[in-house]
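In what follows, a single structure is set out as structure tokens and then discussed.
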Amino acid sequence: MNHTLYGLLKKDLRASIALARSYRLSGERRLAVQFLNDAAQTRSELITLRGC
């Protein structure tokens, strides 16, 4: 497993969740959903990478 890639994906996941929360709190529901979808995609990539 590539630890650098894994670490970067984890940071991306955290950032997407933080941005989604921020946009949701400011009333930007569509942008929040986009970032949550991005987080879900990143999570899927992490699971795939972990399985290698």
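Side-chain atoms are counted along with the backbone in the values below, which use heavy atoms only and exclude waters and symmetry mates.
- Within the model, atoms CZ of R50 and CG of L9 stand 12.0 Å from one another, a figure rounded to the nearest 0.5 Å.
- Contact of the R21 side chain with the L25 side chain is registered, since non-hydrogen atoms from C-beta on lie closer than 4.5 Å.
- For the atom pair CZ (R43) and CG (L46), the distance works out to 9.0 Å, reported to the nearest 0.5 Å.
- For the atom pair OG1 (T42) and CD1 (I47), the distance works out to 11.0 Å, reported to the nearest 0.5 Å.
- Residues meeting the side chain to side chain contact (heavy atoms under 4.5 Å, CB included) test with R14, sequence neighbours left out: K10.
- Judged as a side chain to side chain contact (heavy atoms under 4.5 Å, CB included), and not counting sequence neighbours, the contacts of L8 are T4.
- Remark: side-chain polar atoms of S16 are paired, donor with acceptor, to backbone N or O of D12 under 3.5 angstrom.
- Residues L31 and I17 do not share a hydrophobic cluster, defined by chaining ILVMFWY side chains whose heavy atoms lie under 4.5 Å apart.
- Taken together through direct or relayed side-chain contacts under 4.5 Å among Ile, Leu, Val, Met, Phe, Trp and Tyr, L13 and Y6 form part of one hydrophobic cluster.
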